[in-house]
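Naming convention: chains lettered A, B, ... in sequence-line order (proteins, then strands); numbering from 1 in each chain. FYI, side chains are in, hydrogens and waters are out, and symmetry mates aren't considered; it's all heavy atoms of this structure.
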Amino acid sequence: MAEYPTSSEIAAVAAEWAVLHDAGDLTADEQTAFDAWIGQDTRCLGAFARASAILVSLRRARVLETGVATFDTDAKSDDLLDMEQPIAGRRITRRRMLAFACTVPIVGAVATFGFSKASSAKTYTTARGEMRTIPLPDGSTVSLNTDTTIRVEGKADTQSILLEYGEAFFDIIGSDGRQCVIRAGDVQISAKQTSFSVRQLSLDQPVEITVRLGSVLVQPATQRTALPSAIVRANSRAAVSSARGIQTRKLRPAEVDKDLAWREGMLAFEDMPLAQATAQFERYNDVSFHLIGERARSQTITGLYNSRDPIGFARMAAQSLGLRFEQGANGEIIIRG
Amino acid sequence: MAGIQNERSAWLARNILPYEGAIRARIAAWRMPKFIDVDDIIQETYSKMASLDEVTHILNPKAYFTSAARNVFLIRVRREKVVSITSLFEVNYAEFSSEDPQPDQEAADRQQLYQLGRAIQALPEPARSVLELRVSGDLGYRQIGDRVGLSENAVQKLMTKSLKALAQQIGRNSGPETGADRPLHRLRVVDGNG
């Protein structure tokens, strides 16, 4: 490079280095040359970071365009350990579910699906109102919503993730060629280059999958599970359960974004009954709502709200719906109508 | 060992690249002295973002990047020491507020991906096939070469050329020309115009 290179000269060299890194491991000589180049100017690392980021974006753009990824349909039940299903119909709280998991007889020291004996699996948990983003080795990310627990393990050809409870958003890049396999209850989801969310708030409700980009393959998690297999494509939501199979609904992109508003700390409601909306707020906050009166329970609310401000929401909702709002002696939020 | 982890590249791709156009437009409006180049600032700011220990806590990446760019800009201005006081005051500090409303992340991201998709389609052959094979499959560079009848080296050169062209296009569809090829001028004399 010249004495004082222009930014486009630096960008040109950065592109070469980004492609070299993409092609494989650098030789010792190449690494030395790279380190030396980075040290020459404060702009070099930035230009390289930008070029590398563009390569990632190209991968995602490609998926968006074709909407299809290829799936390895052989990676399935052999790895999976049956998990006895508790009695359906009872609302299983998260604590009860985890306690249950510990009492299931464990065969061959494998606690849950796909995890190896000498388990390098890691567990991640968010508290109520907390959100966390977990990076995976290939650059993919998993974003945990409030009150969520996942278990993550990487193996040679698969990245395994168990959603024990809650809601998570997956941005899978698959830059190392591995497939990502997620399990939630009875459902197994395979993904390669795709963005989607998975939600399971109780074992007696369906697993909900919302696909934003790319597509995912939904399969039964065990041989005993009565479930079909299906591909769920971008801009659609699937509700999956043994009882009802896979029910898919197409969404407008704006509806998909609304579903994912939690990632930006918001909750988006469109004609949602107040009882359901307040239940949402109870996921993110340590509060309890009491809706008193027929109008309070059945009126619907629309809008975008800060998920961490249940009192603000209650006040606004009461005002717009002509209801009365007050706070009880123990901090409960009461809405009457 | 310098370099960049996959996670950071992915984070930048998701959280900064979609806003580059808007960020450039904002920087260009800062009425900079002639010797400061927008692209230099952008590159240095990317360096800072790449060097951070943690980024997952950043709630508003676009505002964060813009603030960091402002700091890079101010440090450069101070370092040059040749800008008259007046022109410094002329810089509109109200521009620096990070009171931006939360940007619509999903929409910006989706829009950029569509643009990139179109840009890929506009590439000439065999560059386009090479790039598509690389980013959508698991083929290595040599395998791609076998498939299209080129050496591994030729494949790499094509990828580099495509990446350079695409890197030029990102963030530059909107906003004024930044004159990226202009070498930095070092003024020896105080320039009353700033």
Side-chain angles (χ1 to χ4, degrees), chain A residues 4 6-8 10-12 14-16 18-24 31 34-35 38-39 42-66 132-133 135-141 171 173 175 177 193 212-213 253 256-257 260 263-265, chain B residues 1-14 16-17 37 39-40 42-51 56 59 102 104-107 110 112-117 120-121 131-132 134-138 140-141 152 156 159-161 163-164 166-168 170 180-184:
Chain A
Y4 194 86
T6 64
S7 50
S8 56
I10 292 185
E16 286 174 31
V19 168
L20 201 61
H21 276 80
D22 184 56
Q31 186 65 58
F34 179 68
D35 293 340
I38 291 281
T42 44
R43 295 169 290 169
C44 292
L45 177 61
F48 175 72
R50 186 174 181 266
S52 304
I54 291 170
L55 275 177
V56 172
S57 278
L58 289 173
R59 216 156 254 136
R60 299 170 67 239
R62 188 76 191 111
V63 173
L64 177 62
E65 204 187 314
T66 61
R132 267 181 87 176
T133 298
L136 299 176
D138 72 337
S140 307
T141 54
D171 215 354
I173 297 180
S175 57
Q193 285 155 318
R212 193 180 150 250
L213 291 177
V256 174
D257 294 350
L260 300 172
R263 298 175 61 218
E264 299 181 33
Chain B
M1 177 185 100
I4 182 162
Q5 303 303 323
N6 279 333
E7 311 165 6
R8 193 55 58 87
S9 300
W11 187 87
L12 291 170
R14 276 289 266 130
I16 304 293
L17 275 182
D37 190 270
D39 286 290
D40 290 339
I42 299 267
Q43 281 178 348
E44 271 201 47
T45 311
Y46 267 104
S47 289
K48 290 205 185 313
M49 302 304 290
S51 316
T56 49
L59 288 179
Q102 279 284 24
D104 189 349
Q105 191 183 36
E106 307 294 337
R110 190 179 284 118
Q112 180 171 74
L113 291 180
Y114 275 124
Q115 282 174 348
L116 277 175
I120 294 175
Q121 283 170 349
L131 189 119
E132 286 185 346
R134 178 61 191 155
V135 304
S136 58
D138 302 325
Y141 278 54
E152 191 179 345
Q156 236 176 289
M159 279 293 293
T160 303
K161 199 163 171 205
L163 183 55
K164 244 193 299 198
L166 293 166
Q168 270 278 90
I170 287 189
D181 286 329
R182 219 169 7 96
L184 203 80

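Counting heavy-atom pairs closer than 4.5 Å to chain B, the top residue among L260(A), L20(A), T133(A), T141(A) is L20(A). Counting heavy-atom pairs closer than 4.5 Å to chain A, the top residue among G140(B), A167(B), S47(B) is S47(B). When each of A18(A), A23(A), A51(A), A47(A) is checked for heavy-atom pairs under 4.5 Å with chain B, A23(A) comes out on top. For the set E152(B), K161(B), E44(B), the entry with the most heavy-atom pairs within less than 4.5 Å of chain A is E44(B). The greatest number of non-hydrogen atom pairs below 4.5 Å with chain A, out of T45(B), T160(B), I42(B), is found for T160(B).
With a 4.5 Å cut-off on side-chain heavy atoms, D40(B) and R43(A) count as touching. With a 4.5 Å cut-off on side-chain heavy atoms, R50(A) and I170(B) count as touching. At least one side-chain heavy atom of L213(A) sits under 4.5 Å from a side-chain heavy atom of L113(B). With a 4.5 Å cut-off on side-chain heavy atoms, Y141(B) and V19(A) count as touching. Residues R134(B) and R59(A) have side chains in contact (heavy-atom distance under 4.5 Å, counting atoms from C-beta outward).
Once rounded to the nearest 0.5 Å, the distance linking CG of L58(A) with CD1 of I120(B) reads 5.0 Å. Distance check, rounded to the nearest 0.5 Å: OG1 of T42(A) to NZ of K48(B) gives 7.5 Å. Going from atom CG of D37(B) over to atom OG1 of T6(A) covers 8.0 Å, rounded to the nearest 0.5 Å. Atom OG of residue S52(A) and atom CZ of residue R8(B) lie 12.5 Å apart, to the nearest 0.5 angstrom. The distance from atom CD1 of I16(B) to atom OG of S57(A), rounded to the nearest 0.5 Å, is 11.5 Å. Residue L55(A) holds its CG atom at 8.0 Å from CG of L131(B), rounded to the nearest 0.5 Å.
Proximity to chain B (any heavy atom under 4.5 Å) is restricted, for I173(A), to the side chain, taken from C-beta onward. Of the two parts of P137(A), only the backbone, made up of N, CA, C and O, holds a non-hydrogen atom closer than 4.5 Å to a non-hydrogen atom of chain B. Contacts of L136(A) with chain B are made by backbone atoms alone, with heavy-atom separations under 4.5 Å and no side-chain atom involved. For chain B, the nearby part of D171(A) is the side chain; its heavy atoms alone come within less than 4.5 Å.
The two residues A10(B) and V56(A) make their nearest non-hydrogen contact at CA-CG1, 4.0 Å. Closest heavy-atom contact between A50(B) and A49(A): CB-CB, 3.8 Å.
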